[in-house]
Student: 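First the structure, then my questions, so here it is.
Order of listing sets the numbers, starting from 1, for every ligand and every atom in it. What you are looking at is a predicted structure, and each value in this text was computed from that prediction instead of being measured.
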Amino acid sequence: MKLLLTTLKHTRNPAVYLCRRCCSSPRSSGGLSSLQDEVMVGSSLELVRTVGSQVEVRPGFITEEEEAVLLQELEPGLRKKRYEFDHWDDAIHGYRETERLRWAPPCEEILNRVRSVAFPGGAPLLGPVHVLDLDKAGYIKPHVDSVKFCGSTIAGLSLLSDSIMRLVKENEPNEWLDLLLARRSLYILRDQARYDFTHEILKDEDSVFNGHRVARQRRISVICRNLPG
Ligand code: OGA
Ligand code: MN
């Protein structure tokens, strides 16, 4: 299996196309200064144009203060749980998670901003918000979210760490997009990007975006989903 994965990596189309997204939020003075506008690379320009249009990454979607407010709300509950490392058949390795229906007003305000950007027109949403806490050594294997329980759009905030989300077309391993999910960014996957591509969060040792190493720390994601139509 290991050999196969290495081979796949080597046969990945080396051509990489960048997509510059402008960001209306103030730029953070983080360690990613040379990459700030570059949030998406892919196996072909065509793919970046087509599937890339169903993917949004908004760096700096929340402020440091807002991140702290969310963490304050989430940490006490998460701390009571142990990271799960043992279930090798799970899609996620090294994680603890929770769902939350009721949030303190400052958190609800942030989530409403996420909802209004990701789900215009008040589409019916999955009530509870999903909170996933990945250990530094944790990662999410390639998967497609359940079509039975979740609708066409997935929107996630990334707290505490930069990370790389990789989308790979099902049964077409040479068609891929890498997304740079900076700490405090929002990502949105829609339609084809959500249904026809697997998504994964790379483990620390594989975390390289367009040739640049992106150190993975512990990462908490706060994910809003809509209901199937
Ligand atoms: C998931 C998932 C991505 C993230 O929980 O299904 O893909 O940002 N999470 O944590
Ligand atoms: Mn998922």
Student: By the definition side-chain contact (heavy atoms from CB on, under 4.5 Å), identify the one residue from L160, L159, I201 that meets it with R219.
Tutor: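 The passing option is I201.
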Student: Identify which one of L167, I140, L179, L177 satisfies the side-chain contact (heavy atoms from CB on, under 4.5 Å) criterion when paired with H199.
Tutor: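 By the side-chain contact (heavy atoms from CB on, under 4.5 Å) criterion, H199 pairs with just one of L167, I140, L179, L177: L167.
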Student: Does the distance from a Lys or Arg side-chain N to an Asp or Glu carboxylate O, for R115 and E108, drop under 4.0 Å?
Tutor: yes
Student: Taking the side chain as everything from C-beta on, heavy atoms only, tell me whether L202 gets closer than 4.5 Å to V214.
Tutor: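 Side-chain contact under 4.5 Å: no.
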Student: Mind checking whether L126 and V117 sit in one hydrophobic cluster, side chains of I, L, V, M, F, W, Y counted as touching below 4.5 Å?
Tutor: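 Each belongs to a different hydrophobic cluster.
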Student: Looking at R216 and D135, is there a salt bridge between them, counting it only when a charged N and a carboxylate O are closer than 4.0 Å?
Tutor: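 R216 and D135: not salt-bridged.
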Student: Counting heavy atoms only, which of V222, I223, I220 is nearest atom 9 (N) of ligand 1?
Tutor: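 Checking each option, the heavy atom nearest atom 9 (N) of ligand 1 is found in I223.
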Student: Is it the case that more than 12 heavy atoms not belonging to E109 sit under 6.0 Å from its CD atom?
Tutor: no
Student: Give me each pair satisfying salt bridge (Lys or Arg N to Asp or Glu O under 4.0 Å) with a member in residues 190-201, each pair once, sequence neighbours excluded.
Tutor: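 Qualifying pairs, neighbours excluded: E56-R190.
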Student: Taking the side chain as every heavy atom from C-beta outward, state whether T198 and E170 have any atom pair closer than 4.5 Å.
Tutor: yes
Student: Have a look at ligand 1 and work out which part of I140, if any, has a heavy atom under 4.0 Å from it: side chain, backbone, both or neither.
Tutor: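 Under 4.0 Å from ligand 1, I140 contributes side-chain atoms alone.
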Student: Should you measure from each heavy atom of Y187, which atoms of ligand 1 turn up under 4.0 Å away?
Tutor: 3 (C), 4 (C), 8 (O)
Student: Strictly under 4.0 Å, does any heavy atom of R225 approach an atom of ligand 1?
Tutor: yes
Student: I'd like to know if R225 and E99 make a salt bridge, using a cut-off of under 4.0 Å between side-chain N and carboxylate O.
Tutor: no
Student: Could you identify the single nearest non-hydrogen protein atom to atom 10 (O) of ligand 1 and state the distance to 0.1 Å?
Tutor: S221 OG, 2.6 Å
Student: Would you mind checking which non-hydrogen protein atom is closest to atom 7 (O) of ligand 1, with the distance to 0.1 Å?
Tutor: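 Checked against all protein heavy atoms, atom 7 (O) of ligand 1 sits closest to H199 NE2, 2.9 Å.
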Student: Going by chain and residue number, what protein N/O/S atoms come nearer than 2.8 Å to the Mn ion (ligand 2)?
Tutor: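 Counting only protein N, O or S atoms under 2.8 Å from the Mn ion (ligand 2), the list reads H143 NE2, D145 OD1, H199 NE2.
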Student: Measure the distances from the heavy atoms of R219 to every atom of ligand 1 and state whether one is below 4.0 angstrom.
Tutor: yes
Student: For ligand 1, is there an atom lying under 4.0 Å from some heavy atom of E97?
Tutor: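 Heavy atoms of E97 never come under 4.0 Å of ligand 1.
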Student: Set out, in order, the CA-CA distance, both residues' side-chain angles and the distance that settles side chain to side chain donor-acceptor pair (under 3.5 Å) for D90 and Y95, then state yes or no.
Tutor: CA-CA 10 Å; D90 276 3; Y95 73 103; 3.1 Å; yes
Student: Below 4.0 angstrom from a heavy atom of D145, which ligand 1 atoms are there? Numbered from 1 as shown, please.
Tutor: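 Near D145, the atoms of ligand 1 are 6 (O).
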Student: Show me which atoms of ligand 1 lie under 4.0 Å from any heavy atom of H130.
Tutor: 5 (O)
